[in-house]
Amino acid sequence: MKMKGLMSLFFVIAIPAFANDCSVSIESTDAMKYDKNEIVVKKSCKEFTVNLSHSGKLPKNVMGHNVVITKESDARAVASDAAVAGPDNHYVKPEDTRVIAFTTLIGGGEKTSVTFNVDKLKAGEAYSFFCSFPGHISLMKGTLSVGS
Ligand code: CO
């Protein structure tokens, strides 16, 4: 009886710990920065979650941040089209097939997240994550790849 209780406690703890391996938390600031420049998605993950928080104070129309994931080679063009799409679309062109995943646009003090299927990513391909708010890709950009 006592042993059984201990085992269920183990599973309660073990499951969230496993899930954490398939997510990343990125903090962003009023200084137009992410606190990470590299994300490695484990190929054993079925789904991957990106959690974005904005620790600044500026509103999203001034210092908006999101996370957009594309192939590295598509990043600049997607960011250009994003500027045209505007804030109502979270600075992502609607139905843009080059976009693997994106979060909503947030301002200071806010959080957002996105979960996507890892089978959308190929091992060996170079991906980027970036903020598509106009002008932010120059400072808010990192690499994303599939690893073990
Ligand atoms: Co931004």
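All values below come from the heavy atoms of this structure, side chains included, with hydrogens, waters and symmetry mates left out. All ligand and atom numbering here is 1-based and tracks the order in the structure.
- Under the 4.0 Å criterion applied to side-chain N and carboxylate O atoms, D81 and K93 are assigned as salt-bridge partners.
- Here the protein contributes G64 O, H65 ND1, C131 SG, H136 ND1 as N, O or S atoms under 2.8 Å from the Co ion (ligand 1).
- By the neighbour-count criterion of 12 heavy atoms within 6.0 Å, atom NZ of K122 is sparsely surrounded, having that number or fewer from other residues, nucleotides or ligands.
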(request) May I have the step-by-step check of side-chain contact (heavy atoms from CB on, under 4.5 Å) for F48 and V24, ending in yes or no? (result) CA-CA 8 Å; F48 193 79; V24 65; 3.7 Å; yes

Can you list, pair by pair, the side-chain donor-acceptor contacts under 3.5 Å of residues 129-148, counting residues two or more places apart and other chains?
unit_1, atom_1, unit_2, atom_2, d
S132, OG, N66, ND2, 2.8
S132, OG, Y91, O, 2.6
H136, ND1, G64, O, 3.3
H136, ND1, H65, ND1, 3.4
S138, OG, G135, O, 3.0
K141, NZ, E72, OE2, 3.1

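- In this view, T112 and T104 satisfy the side chain to side chain donor-acceptor pair (under 3.5 Å) rule, not counting sequence neighbours.
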Expected list for residues 113-121: side-chain donor-acceptor pairs under 3.5 angstrom, two or more places apart:
unit_1, atom_1, unit_2, atom_2, d
T115, OG1, T49, OG1, 2.7
K120, NZ, I100, O, 3.2

